[in-house]
Amino acid sequence: MNKKKIINLLETIALYMELKGENPFKISAFRKAALALEQDERSLSEIDDFTKMSGIGKSTAVIIQNYIETGESKELESLKKEVPEGLVPLLKVPGLGGKKLSRLYQELGVIDQASLLEKAEDGSISALKGFGQKSVDKMVEAIQEMGERPDRYPLNDVLRVAKSLEAYLAKIPEITRFSHAGSFRRLRETVKDLDFVVATENPEVVAKQLLALDMIDQVIAAGNTKVSVELDDGIKISVDFRMVAPGEFVSTLHHFTGSKNHNIRMRQIAKQQSEKINEYGVEDEAGNVKQFETEEAFFAHFNLPFLPPEVRRDGTEIDRIQGETRFVQLADIKGDLHMHTTWSDGAYSLPEMIEACIAKGYEYMVITDHGQFLRVANGLTEERIRKQQAEIRAYNEQYSEIEILSGVEMDILPDGTLDFEDDLLKDLDFVIASIHSSFSQSEEEIMKRLQTACENPYVHLIAHPTGRVIGRRDPYNVNVEALIEMAAKTGTALELNANPQRLDLTAKYLELAAEQRVPIAINTDAHDTTHLDFMEIGVRAATKGWLSKENILNTMGKQDFLAFIKNNRS
C-alpha cells in the first residue's frame with residue numbers, strides 16, 4: 001500500500017459519485033482529500049493521523065484507514081453496484097469526462113457503448129446543451145475504434161500478462177525450464193501474441209495445468225506438444241505454449257525467438273558446415289542430432305559469440321557481431337539518475353527511495369522531482385527545492401552506503417526558456433531538462449527549446465528526448481539526429497528512459513549517439529519503488545541499440561561519475 005493507491009481510491013470514489021449524480025459538495029470533498037494527499041510531502045508510512053491534514057474529514061479518514069488495513073473499500077464497492085458496469089469504459093472516449101457522461105446517463109439513459117451509439121444516431125446527444133454534432137461524431141468514431149481488437153499491443157500492456165504467466169509456469173513442478181520467445185523476447189515495442197517454450201518430461205500433466213488458467217477466454221488447440229489459448233486479462237491476446245523434451249529446449253527456443261531473417265541466416269551458416277538447423281537441434285549429414293544446454297553453446301557451435309535476442313533482427317547482426325563485442329549488463333549499472341518522491345508526484349518518501357536504491361546495490365542515486373511548471377505533478381518551487389536539498393544533505397550523513405545527489409527534472413518551457421534560473425541550477429548536483437508541454441509545436445520551436453537546454457552550462461541530461469509514449473502518443477517534432485549532434489558539441493547526456501511505456505531513445509538513435517560519443521543514461525524515471533525494476537528492461541533496450549558499458553553514463557563508479565558531473569559542463 002502506498003499514497004498513490006489511496007489517492008487513486010479517493011479519485012475513483014469521486015468519479016463514481018459523479019456518474020451516479022451525487023451531491024457536488026460530497027464529490028468535491030473526496031477530490032480535495034486526494035489533492036491534500038498529493039500535495040503532502042510525506043509518504044503514507046509517515047502520516048499518523050489523516051484528520052490532521054487540511055482537506056480530509058473524519059469520515060474520509062475512516063475510509064482511508066479501512067482501505068489501508070483491508071485493501072478494500074466498502075464505499076467504492078457499493079458505488080460500483082449502483083453505477084452500470086458499461087458506463088465506466090466510456091470514460092476512455094475523448095471528450096467524455098465524468099460530468100458529461102453523468103448527464104448522458106441521467107438524462108438519456110446511456111449505460112454502455114450500444115446505448116451511446118443509439119442516442120448519438122437518433123440525435124438525442126447533439127440536442128443536449130454542450131454537445132455539438134462535431135463532438136458527437138468524434139465520440140462515435142472513438143467508440144467504434146474501441147470495439148476493434150488491435151493488431152498489436154504496446155509492450156507495456158503485454159508485460160503484466162507475461163509476468164502473470166511466468167509466475168504461473170514457475171509453480172508447475174513438472175516444468176524443468178521455460179522461457180518466453182517471439183517478438184516479446186526480442187523486445188519489440190509492440191506485440192501481437194505471446195509464445196512460451198516449455199521443457200518437460202510430462203507434457204500431458206503440464207497441458208492440463210495450462211488449460212486450468214483462469215484467464216482463458218478460448219481454447220484454440222490442446223495437445224501434448226502445443227497448447228494455444230486466447231486470454232482475456234485486460235487485453236485479449238493469443239498465447240502459444242510449446243512443450244518439448246528438455247534436450248530440445250535450447251534449439252526450440254532459438255527457433256521460435258526468431259526473427260525470421262535471423263533464422264534464415266543461421267540456416268545458411270549451418271548449410272556451409274553441411275548441417276541443418278531445426279527446432280529439435282542441429283543435424284549433421286549422417287542424421288545425428290546435436291543438442292545444447294545453453295544458447296551460448298548453440299552459437300559457439302557455429303563459431304559465433306552469443307547474440308542476445310534483442311539484436312536478432314534481420315540477419316546482418318550475425319556479420320556484425322565480433323568476439324570482442326560486449327553488451328552492457330544489468331550488473332554494470334551503478335546508479336539511477338531519474339526518480340521522483342512524495343515531494344512531487346512520487347508514491348514514496350526520500351528515505352524509502354534511498355533504501356530501495358541501497359537494496360539494488362547502487363553506489364549513487366539522484367533525486368529529481370518535478371519543477372514548478374508541472375503543477376499537475378505538484379512540482380517544486382525554488383524554495384521547496386532548496387529545502388529538499390538540505391534534507392538530502394542530511395540523509396547523506398545518515399546513509400554511508402550510497403551517495404544521494406540533489407537534482408531536479410526541470411521543464412523546458414514552451415517559449416524556449418527554462419523553468420529555473422542559473423542561480424538555482426548551479427547549486428544542484430544534477431539537472432535534468434525535459435519537455436512536458438506544447439507537443440504540437442513545429443520542429444523549429446521544439447529544437448529551439450532543446451538547444452536552450454543543451455547550451456545551458458548546468459544541464460546534464462535531456463530526459464525522454466522524443467516525448468513518445470508507445471502506442472499512446474507519437475514523438476513531438478524533434479530532429480533527433482540534430483539533437484544528438486547538439487548533445488555531442490555541448491557535452492550533454494541523453495536519456496534512455498527505461499519505463500516500458502517510453503523506451504526513449506529508441507535503438508536506432510542509441511546507436512547514432514554511441515557513434516558520436518554522446519553519453520547515454522539508462523534511467524527508470526521511477527515514481528514508485530517498484531519502478532526501479534524498470535532498469536532491467538532499460539538495459540535490454542540498450543542491448544538492442546548495441547550499447548556497451550562504456551557508452552552508459554551510470555555504469556561509472558561513484559568517483560568517476562561525481563567527477564563527470566562536476567567537470568563535464570564547465
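Positions are given from 1 along the sequence. Keep in mind the model is a prediction, meaning the values are calculated, not measured.
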### Contacts of type side chain to side chain donor-acceptor pair (under 3.5 Å), residue E352, not counting sequence neighbours
S43, S45, S349
### Qualifying residues under salt bridge (Lys or Arg N to Asp or Glu O under 4.0 Å), relative to D533, sequence neighbours excluded
K360
### Query
Do K4 and E38 sit within salt-bridge range, that is, some charged N less than 4.0 Å from a carboxylate O?
yes
#### Entry: Under the side chain to side chain contact (heavy atoms under 4.5 Å, CB included) test, residues paired with F439 that sit two or more places apart
I435, R473, Y476
### Task
Evaluate salt bridge (charged side-chain N to carboxylate O under 4.0 Å, His left out) for D411 paired with R449, printing each intermediate quantity in order.
CA-CA 10 Å; D411 270 68; R449 293 167 76 178; 6.0 Å; no
### Query
Which atom names give the shortest non-hydrogen contact between K236 and Y153, and what distance separates them?
O-OH, 2.6 Å
### Message
Checking D319 against T316: is there a side-chain donor and acceptor pair closer than 3.5 Å?
### Response
no
### Query
Can you name the nearest heavy-atom pair linking T492 to V459, along with the distance?
CG2-O, 4.4 Å
### Task
Please examine the side chains of N477 and Q441, heavy atoms only from C-beta on, and report whether any two atoms are closer than 4.5 Å.
no
### Task
Return yes when atom CD of E421 has more than 12 non-hydrogen atoms of other residues, nucleotides or ligands closer than 6.0 Å, and no otherwise.
no
## Note on the structure
One should read off an interatomic distance between D193 CG and S183 OG, to the nearest 0.5 angstrom, of 6.5 Å
### Query
Would E383 and T381 count as having a side-chain donor-acceptor pair, cut-off 3.5 Å?
no
### Query
Does the side chain of L374 come within less than 4.5 Å of E409's, by heavy atoms?
no
### Query
Is there a side-chain contact (heavy atoms from CB on, under 4.5 Å) between E363 and F561 once you walk through the steps?
CA-CA 10 Å; E363 296 179 15; F561 176 72; over 6 Å; no
### Query
With a 4.5 Å limit on heavy-atom distance, are the side chains of N551 and V328 in contact?
no
### Task
Determine, stepwise, if the pair L553 / H460 fulfils side-chain contact (heavy atoms from CB on, under 4.5 Å).
CA-CA 11 Å; L553 179 60; H460 297 90; over 6 Å; no
### Message
List the residues meeting side chain to side chain donor-acceptor pair (under 3.5 Å) with D415, not counting sequence neighbours, and say none if there are none.
### Response
T417
### Task
Go through the structure and list residues passing salt bridge (Lys or Arg N to Asp or Glu O under 4.0 Å) with R502, not counting sequence neighbours.
none
### Residue list, salt bridge (Lys or Arg N to Asp or Glu O under 4.0 Å) with D427, at least two apart or on another chain
R386
### Task
Please assess S548 against E550 for the test side chain to side chain donor-acceptor pair (under 3.5 Å), listing each intermediate value before the final yes or no.
CA-CA 5 Å; S548 66; E550 289 69 31; 3.1 Å; yes
### Query
Which atom names give the shortest non-hydrogen contact between A498 and G538, and what distance separates them?
CB-CA, 3.5 Å
#### Entry: CD/E397: more than 12 non-hydrogen atoms of other groups inside 6.0 Å
no
### Task
Output, in order, the C-alpha distance, side-chain angles, deciding distance and verdict of side-chain contact (heavy atoms from CB on, under 4.5 Å) for L483 and N479.
CA-CA 6 Å; L483 173 61; N479 183 330; over 6 Å; no
### Query
So which of L307, T543, V539, D332 actually passes side-chain contact (heavy atoms from CB on, under 4.5 Å) with F327?
T543
### Query
Partners of S344 by side chain to side chain donor-acceptor pair (under 3.5 Å), sequence neighbours excluded?
D369
#### Entry: Any donor-acceptor N or O pair under 3.5 Å, side chains N523, E495
yes
### Message
Are more than 12 heavy atoms, taken from residues, nucleotides or ligands other than E536, located less than 6.0 Å from that residue's CD atom?
### Response
no
### Task
Just jot down the side chain to side chain contact (heavy atoms under 4.5 Å, CB included) partners of E403, sequence neighbours excluded, or say none.
Y364, N396, L405, K558, L562
### Query
Between I520 and A513, which heavy-atom pair has the shortest distance, and what is it?
CD1-CB, 3.8 Å
#### Entry: From CD1 (I446) to OG (S440), nearest 0.5 Å
8.0 Å
### Short side-chain to backbone donor-acceptor contact, E455 and T490, under 3.5 Å
no
### Task
Quick one: list whatever passes side chain to side chain donor-acceptor pair (under 3.5 Å) with T524, sequence neighbours left out.
D336
### Summary
Sorted by chain and number, sequence neighbours left out, salt bridge (Lys or Arg N to Asp or Glu O under 4.0 Å) with R152 holds for none
### Task
Of all the heavy-atom pairs spanning G335 and N554, show the shortest one and how long it is.
O-ND2, 2.9 Å
### Query
Looking at side-chain heavy atoms only, is the closest gap between L9 and F30 below 4.5 Å?
no
### Query
For the side chain of R103 and the backbone of K129, is there at least one donor-acceptor N/O pair under 3.5 Å apart?
yes
### Message
Taking the side chain as everything from C-beta on, heavy atoms only, tell me whether V478 gets closer than 4.5 Å to P465.
### Response
no
### Query
If you round to the nearest 0.5 Å, how far is CG of L10 from CD1 of I56?
7.0 Å
### Query
Restricting to pairs with a member in residues 505-523, which pass salt bridge (Lys or Arg N to Asp or Glu O under 4.0 Å), not counting sequence neighbours?
R313-E511, R320-E511
### Cationic tip of K5 above Y67 ring, under 6.0 Å, 45° of axis
no
### Task
Check whether any side-chain heavy atom of R312 lies under 4.5 Å from a side-chain heavy atom of R185, and answer yes or no.
yes
## Note on the structure
Distance col, row L76:CG vs M17:CE, nearest 0.5 angstrom, shows 11.0 Å
### Query
Is there side-chain contact between M365 and Y399, with at least one heavy-atom pair below 4.5 Å?
no
### Task
Could you go through the side-chain contact (heavy atoms from CB on, under 4.5 Å) check for D345 and N378 one step at a time?
CA-CA 6 Å; D345 62 344; N378 193 30; 5.7 Å; no
### Query
Between atom CG of L510 and atom CG of L494, what is the distance when rounded to the nearest 0.5 Å?
9.0 Å
### Task
State whether the side chain of E141 and the backbone N or O of M139 hold a donor-acceptor pair below 3.5 Å, judged by distance alone.
no
### Message
For the aromatic rings, using the six-membered ring if either is Trp, is the centroid distance between H338 and H531 under 6.0 Å?
### Response
no
### Message
Once rounded to the nearest 0.5 Å, what's the spacing between atom CZ of F373 and atom OG of S434?
### Response
10.5 Å
#### Entry: Check: T342 and R42 side chains under 4.5 Å, non-hydrogen atoms
no
### Query
Considering residues at least two apart in sequence or located in another chain, which fulfil the side chain to side chain contact (heavy atoms under 4.5 Å, CB included) criterion with T529?
Y348, M353, A356
### Message
Against H340, only a single residue in D528, T368, D525 fulfils side-chain hydrogen bond (donor to acceptor under 3.5 Å, both in side chains); can you say which?
### Response
D525
### Task
Could you pull out the closest heavy-atom pair between A120 and V140, with the gap in Å?
CB-CG2, 3.6 Å
